[in-house]
Number of protein chains: 2
Amino acid sequence: MVTMRDVAQRAGVSIATVSFVLNDTKPVTAATRRRIEQAMSELGFRRNVVARALASRRTHIIAMAYPALDHKFGFTAAEFFTSAADAARKQDYHLVLWPVGNDGTELTELVGQGLVDGVVLMEVQLDDPRVGILQETGTPFALIGRTTELAGLDHVDIDFDTTVEEAVGYLHGLGHRRLALISGNLKDPVFRTYGPYVRSEAAYRRVAAEYGLETVVLESGGSTRAGQEAAAQLIREHPETTAVLVVNEFAALGVLSGLTRLGHNVPADISVLPLLMSPETAAMSDPELTIMRTPGPELGQLGTEALIRQLEGATPLPPQLIPATLHPAGSTAPPRSPGDR
Amino acid sequence: MVTMRDVAQRAGVSIATVSFVLNDTKPVTAATRRRIEQAMSELGFRRNVVARALASRRTHIIAMAYPALDHKFGFTAAEFFTSAADAARKQDYHLVLWPVGNDGTELTELVGQGLVDGVVLMEVQLDDPRVGILQETGTPFALIGRTTELAGLDHVDIDFDTTVEEAVGYLHGLGHRRLALISGNLKDPVFRTYGPYVRSEAAYRRVAAEYGLETVVLESGGSTRAGQEAAAQLIREHPETTAVLVVNEFAALGVLSGLTRLGHNVPADISVLPLLMSPETAAMSDPELTIMRTPGPELGQLGTEALIRQLEGATPLPPQLIPATLHPAGSTAPPRSPGDR
DNA sequence: GCAGATCGGTAAAGCGGTTAACTGGGGTGT
DNA sequence: ACACCCCAGTTAACCGCTTTACCGATCTGC
């Protein structure tokens with residue numbers, strides 16, 4: 001292994017000077033800098049990040065904590081992760097994916113070891129025990145998602161209000177007047193306290209009221225199967241519905257296939273519009289779903305950047321809310337009789 | 001931060017002794033061990049893994065290198081990862097997911113820094129440049145998948161022969177005599193050298209011959225869209241087919257929806273059986289696909305264990321090949337006229 | 001022209017562990 | 001009773017890098 005000592009020797013300088021050019025932390029004349037850089041490349045030097053971490057008490061590693069149990073790691077989560085990893089790399093950090101339980105014991109374990117400088121928390125619950133743990137241990141962190149109590153927490157999240165406004169506006173513009181929302185399963189404590197369900201439902205009720213629409217909200221679990229059942233329930237209880245919004249992306253797939261199976265043509269008979277879905281997931285459906293695209297890449301990047309700002313002692317940016325964006329495809333169309341009530 | 005020094009002081013021993021009980025690396029009397037353990041728990045000591053790594057030249061971190069660009073990180077990959085992470089944790093290692101390009105520059109970067117003890121390589125190409133890099137740098141590694149040249153490489157992989165035998169046997173047992181395989185896109189260099197396509201196609205040709213069946217093989221990209229196109233081609237060119245095997249899981253979803261869209265009922269008119277799919281992906285389809293389940297959890301675990309054995313200097317296990325297992329569901333059924341030729 | 005500031009560079013003390021070499025107090029065998 | 005070994009513990013030298021003093025030489029202002 002080539003160490004800084006070797007480089008220093010070959011360049012005829014002290015090891016400290018090498019460190020200074022490496023980190024750009026003290027001025028060095030162009031000449032010596034050149035000598036050192038040449039020595040480094042000749043020797044194929046790579047700084048040992050472990051030693052650096054020990055000496056500087058900064059590992060430059062940040063963990064993305066993902067609750068492996070409660071949420072499936074699908075395409076959407078992958079988008080968050082890869083964009084976050086890219087953002088981290090651009091700033092000379094490593095980002096690693098860390099599967100943790102939702103209770104926080106593994107999280108305690110993780111941060112106690114001094115391996116990571118900070119944590120990006122995904123799939124945050126409205127009242128998330130992990131936030132408390134991170135605060136107690138003094139670990140820097142940023143949230144993707146929001147707890148109820150936000151005082152001073154670095155976070156980024158989906159702008160549910162704008163998302164729902166755009167979704168409803170789009171459907172209304174097509175002529176739909178009989179909408180329904182398929183939200184989360186309120187009997188499941190995990191999802192009852194899960195921001196996306198709670199916030200998009202609230203936004204939907206508000207926006208629907210503004211448009212003077214009747215508000216139909218059904219519950220559904222977060223699986224394709226549950227979505228199919230919700231579709232059946234919708235047809236049974238609200239057959240007049242011409243367009244349906246679905247919060248969960250897997251449920252949305254089920255709603256689509258459930259409606260089709262029951263003999264309803266999407267989009268001719270009824271439009272389906274997921275409020276949060278990745279393009280990859282949408283591409284798997286037939287017809288391809290019109291979606292509100294989850295701003296995964298944006299949020300992954302912003303969350304990571306917020307954390308890094310915090311780590312570097314920069315002034316924190318205000319929390320950012322990013323709306324999902326409409327990507328029209330094949331699951332939405334005007335209702336059979338436009339303006340029908 | 002509580003250090004070993006603090007623990008040693010409180011227990012009235014030297015810091016070395018603390019290290020010995022921590023790592024169980026030298027005998028310590030029950031009495032002192034108890035004192036030390038008590039001191040540790042009273043102080044809430046957690047060993048600093050960075051310092052340990054520096055001193056022992058072992059970070060106890062292993063990276064799972066995933067080629068983020070060429071392959072989508074879906075449910076199947078997630079299965080590999082989580083099971084590998086679990087296996088690692090059980091043996092006192094951390095496993096992190098590391099997105100790398102397929103060329104290997106980022107991999108060089110990663111292993112040069114001394115951050116990881118070893119690498120688990122996923123989605124191995126038949127002739128993978130990354131393998132060479134790891135060998136040159138002397139990094140321990142294990143493969144999930146296989147290169148063509150296997151001499152002495154630790155690896156685990158899918159047992160394509162058994163998988164295809166079981167799949168074809170199952171369909172044959174249902175009465176199917178007109179099968180087709182939808183494999184990878186041979187025009188795409190990435191997939192032409194991708195083991196699962198090459199090996200399952202070879203196995204299919206062999207097994208089909210054994211059964212005395214005509215061998216129909218179509219190409220397809222690895223997307224839902226491509227699968228739909230392959231389905232159309234199949235109907236056009238081989239309308240007599242009663243059952244179709246699909247290698248790629250996303251293509252399989254497309255084959256299913258493509259057939260349905262063209263007015264063919266699955267499974268009544270034609271059976272669809274993906275050779276490699278995760279249950280989560282299967283659950284998203286309608287009808288739910290009968291699948292050969294990718295042995296992701298098994299392979300993730302075995303690959304990690306193989307690497308750890310190598311790291312610990314244990315005698316390597318022979319390479320293991322695990323077949324995918326049949327999970328019957330709704331996409332397979334006897335052909336319309338059993339035994340039809 | 002001289003004190004003081006500035007600037008490029010060095011020496012050395014850690015960071016929190018691991019681990020080889022060593023110590024000293026019993027047991028053993030003869 | 002003596003040499004020897006064994007065993008639990010200790011001492012101290014690293015691991016490779018960061019960072020704070022510190023130092024001598026050159027610049028700067030008056």
Side-chain angles (χ1 to χ4, degrees), chain A residues 1-37 39-40 43-61 92 94 111-117 311-313, chain B residues 1-37 39-40 43-61 92 94 111-117 311-313:
Chain A
M1 163 170 264
V2 183
T3 71
M4 276 179 36
R5 178 177 263 82
D6 303 326
V7 174
Q9 203 167 331
R10 173 174 261 252
V13 297
S14 79
I15 155 178
T17 310
V18 177
S19 174
F20 296 146
V21 345
L22 219 41
N23 302 310
D24 203 29
T25 141
K26 255 187 113 177
V28 169
T29 44
T32 37
R33 154 168 278 122
R34 250 203 18 260
R35 285 216 316 287
I36 291 173
E37 277 165 355
M40 293 200 301
L43 270 51
F45 169 79
R46 316 199 79 93
R47 74 134 84 53
N48 181 318
V49 302
V50 176
R52 158 149 101 144
L54 180 58
S56 66
R57 260 139 301 178
R58 305 282 304 282
T59 63
H60 278 234
I61 298 177
D92 192 26
H94 290 309
V111 301
Q113 301 181 124
L115 223 197
V116 302
D117 288 348
L311 291 174
E312 312 257 295
Chain B
M1 164 168 267
V2 184
T3 72
M4 275 178 37
R5 179 175 262 84
D6 303 327
V7 174
Q9 203 167 331
R10 174 174 260 251
V13 298
S14 81
I15 155 177
T17 310
V18 177
S19 175
F20 296 146
V21 346
L22 219 40
N23 301 313
D24 203 27
T25 144
K26 256 187 111 175
V28 169
T29 45
T32 39
R33 156 167 275 122
R34 250 202 20 257
R35 285 215 318 286
I36 291 173
E37 278 165 354
M40 292 200 304
L43 268 51
F45 169 79
R46 320 198 76 93
R47 75 136 84 50
N48 181 319
V49 302
V50 175
R52 160 151 99 143
L54 180 58
S56 66
R57 261 139 299 179
R58 305 283 303 283
T59 63
H60 278 235
I61 298 178
D92 192 26
H94 289 310
V111 302
Q113 300 181 121
L115 223 198
V116 303
D117 288 347
L311 291 173
E312 312 257 298

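We name chains A, B, ... by the order of the sequence lines, and we start the count at 1 in each one.
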Practice task
Check A/R33 against A/D24 and note the closest heavy-atom contact, atom names and distance.
Solution key: NH2-OD1, 3.4 Å

Handout entry: Distance in angstrom units between A/R47 CZ and C/dC15 C1', rounded
Key = 16 Å

Exercise for the section: Would you check if the side chain of A/D6 reaches a backbone N or O of A/V2 as a donor-acceptor pair within less than 3.5 Å? Expected result: no

Problem - N/O donor-acceptor pair under 3.5 Å between B/T59 side chain and B/A53 backbone - result: no

Problem - Atom pair distance, as rounded to whole Å: CG in B/N48 and P in C/dG16 - result: 7 Å

Exercise for the section: Specify the separation, in whole Å, of atom CZ of B/R58 and atom C1' of C/dT19. Expected result: 14 Å

Problem - Rounded distance [0.5 Å steps], CD in A/E312 versus CZ in A/R58 - result: 6.0 Å

Handout entry: Check: B/Q113 and A/N48 side chains under 4.5 Å, non-hydrogen atoms
Key = no

Exercise for the section: Could you tell me whether A/D117 and A/R57 make a salt bridge, using a distance below 4.0 angstrom between a side-chain N and a carboxylate O? Expected result: no

Fill in the blank from the handout: To the nearest angstrom, the CE-P distance between B/M40 and C/dG17 comes to 11 Å

Practice task
Can you tell me the distance, in whole Å, between the CD atom of B/Q9 and the P atom of C/dG17?
Solution key: 14 Å

Completion exercise
Nearest-nucleotide check on DNA chain D, B/A51 vs A/V18; residue mapping nearer the 5' end is B/A51

Practice task
Using modelled atom types only, decide if a donor and an acceptor are shared between the side chain of B/N23 and the backbone of B/T25 within a distance under 3.5 Å.
Solution key: no

Exercise for the section: For A/S19, report the nucleic acid contact type (base, sugar-phosphate, nothing); a contact means any heavy atom under 4.0 Å. Expected result: base

Problem - Salt bridge B/D92-B/R52, side-chain N to carboxylate O under 4.0 Å - result: yes

Completion exercise
Students should find that the nucleotides of DNA chain D closing off the region near chain B, any atom under 4.0 angstrom from a heavy atom, are D/dA8 to D/dG16

Problem - Nearest-0.5 Å distance that lies between atom CD1 in B/I15 and atom CZ in B/F20 - result: 10.5 Å

Exercise for the section: Grab the CG-C1' distance between B/L54 and C/dC15 for me, whole Å please. Expected result: 9 Å

Fill in the blank from the handout: Here the distance between atom P of C/dG17 and atom CZ of B/R5, to the nearest Å, is 9 Å

Problem - Non-hydrogen atoms of B/T3 and B/F45 that approach each other most closely - result: C-CE1, 3.6 Å

Completion exercise
Terminal axes of the helix from C/dG1-D/dC30 to C/dT30-D/dA1 (5 end pairs apiece), angle rounded to 10 degrees, sit apart by 30°

Exercise for the section: Spell out, as yes or no, whether a donor-acceptor pair under 3.5 Å connects the side chain of A/R35 to the backbone of A/A11. Expected result: yes

Practice task
Could you tell me the separation between the CD1 atom of A/I15 and the P atom of C/dA11, rounded to a whole number of Å?
Solution key: 11 Å

Detail all sub-3.5 Å separations between protein N/O atoms and N/O atoms belonging to nucleotides 4-9 of chain C.
residue	atom	partner	partner atom	Å
C/dG8	O3'	A/T29	OG1	3.4
C/dG9	OP1	A/T29	OG1	2.8
C/dG9	OP1	A/T32	OG1	2.8
C/dG9	OP2	A/T29	N	3.0
C/dG9	OP2	A/T29	OG1	3.2
C/dG9	OP2	A/T32	OG1	2.9
C/dG9	O6	A/K26	NZ	2.2

